[in-house]
Amino acid sequence: GDNMGAAIDKIKTRDGFQNFTKELSLFTDKVKNIVEENDGSLIYAGGDDVMAFVPMGTALKCADELRLAFAETMAPVCKSQGITTLPTLSVGMAIVHHSEPLSNALDYARRAEKTAKNTDGKNAVAISQNKRSGAPIVVSGKMLPQLVKLLIHQFQKIKQVLNELK
């Protein structure tokens with residue numbers, strides 16, 4: 001998550017910290033269902049960290065659903081603790097060839113996450129497309145709801161066209 005350290009620093013009581021970590025744990029509990037509903041496989045979920053393998057056609061939708069679940073879960077406890085800069089979720093994605101070594105794929109995803117976390121104000125996504133030859137193509141920006149919905153719709157249309165060509 002973005003701004004988690006700043007949020008934690010604003011908590012003044014033991015009960016406040018316990019409530020904060022309880023809500024963070026509730027978010028973690030939601031992650032598996034979100035990933036699986038998007039045809040993905042959850043590798044790790046702990047606190048605000050998530051690692052999953054998700055098909056390209058549902059990856060952005062999954063990222064947006066995780067972002068929304070994080071915001072909905074954390075906002076009430078943050079407000080109750082007087083935290084005005086709410087934590088957000090930034091996502092790094094790597095699109096790789098199926099025979100790409102896993103260590104490379106993880107490195108690409110980590111670099112994409114770092115790019116997302118360097119976006120002003122965060123709450124961002126970075127997608128790195130890594131073909132088997134040539135330099136990676138990286139796009140990044142804020143996860144604006146209208147833009148994300150438009151991109152998800154376009155992914156669904158592309159998926160439909162590809163399925164019809166089979």
Side-chain angles (χ1 to χ4, degrees), residues 1-8 20-21 23-79 83-98 100-131 135-159:
D2 307 319
N3 307 313
M4 290 293 283
I8 290 169
F20 186 88
T21 56
E23 293 303 311
L24 195 53
S25 179
L26 290 175
F27 165 72
T28 300
D29 292 343
K30 297 174 184 180
V31 169
K32 186 172 194 264
N33 286 338
I34 293 170
V35 169
E36 288 178 353
E37 287 171 2
N38 285 283
D39 301 322
S41 296
L42 181 64
I43 306 303
Y44 174 80
D48 59 337
D49 291 322
V50 176
M51 167 81 62
F53 294 118
V54 184
M56 186 171 66
T58 59
L60 192 57
K61 179 176 173 281
C62 182
D64 191 48
E65 290 174 7
L66 290 169
R67 177 189 65 82
L68 290 171
F70 185 78
E72 290 169 359
T73 304
M74 297 308 295
V77 72
C78 287
K79 288 179 182 172
I83 299 167
T84 55
T85 303
L86 299 179
T88 60
L89 197 67
S90 287
V91 177
M93 290 187 221
I95 300 170
V96 298
H97 189 271
H98 67 87
E100 184 75 36
L102 180 58
S103 60
N104 292 352
L106 293 172
D107 186 47
Y108 297 140
R110 287 184 186 113
R111 285 191 225 163
E113 179 189 26
K114 188 174 184 179
T115 298
K117 287 189 169 288
N118 285 327
T119 301
D120 286 339
K122 300 175 182 145
N123 196 33
V125 63
I127 304 169
S128 175
Q129 179 192 13
N130 303 275
K131 297 183 278 179
I137 299 168
V138 180
V139 295
S140 64
K142 304 284 275 173
M143 289 188 66
L144 303 171
Q146 304 87 342
L147 179 59
V148 171
K149 284 181 185 175
L150 175 67
L151 290 171
I152 290 168
H153 179 71
Q154 293 303 321
F155 272 127
Q156 290 169 342
K157 286 171 80 173
I158 291 168
K159 185 178 175 182

Q. Taking atom NZ of K32 as the centre, does the number of heavy atoms from other residues, nucleotides or ligands within less than 6.0 Å exceed 12?
A. no

Q: Apply the test side chain to side chain contact (heavy atoms under 4.5 Å, CB included) to residues M93 and L60: give CA-CA distance (whole Å), side-chain angles for both, the deciding distance (0.1 Å), then the verdict.
A: CA-CA 9 Å; M93 290 187 221; L60 192 57; 3.8 Å; yes

Q: Output, in order, the C-alpha distance, side-chain angles, deciding distance and verdict of side chain to side chain contact (heavy atoms under 4.5 Å, CB included) for D48 and M74.
A: CA-CA 10 Å; D48 59 337; M74 297 308 295; over 6 Å; no

With a 4.5 Å limit on heavy-atom distance, are the side chains of [X] and [Y] in contact?
| X | Y | result |
| --- | --- | --- |
| L86 | K79 | yes |
| N104 | V96 | no |
| F53 | L102 | yes |
| F27 | E72 | no |

If I compare all heavy atoms of [X] with all of [Y], which pair ends up nearest, and what's the gap?
| X | Y | value |
| --- | --- | --- |
| K117 | S90 | CG-CB, 4.1 Å |
| S128 | A112 | CB-CB, 4.2 Å |
| L42 | V35 | N-CG1, 3.7 Å |
| I127 | I95 | CG2-CD1, 3.6 Å |

(Q) Hydrogens and angles aside, do E100 and N130 bring a side-chain donor and acceptor to less than 3.5 Å of each other? (A) no

Q. Would you say K122's side chain and L89's backbone share a donor-acceptor pair under 3.5 angstrom?
A. no

Q. Between D64 and R67, is the closest basic N to carboxylate O distance under 4.0 Å?
A. yes

(Q) Walk me through whether R111 and T115 qualify under side chain to side chain contact (heavy atoms under 4.5 Å, CB included). (A) CA-CA 6 Å; R111 285 191 225 163; T115 298; 5.5 Å; no

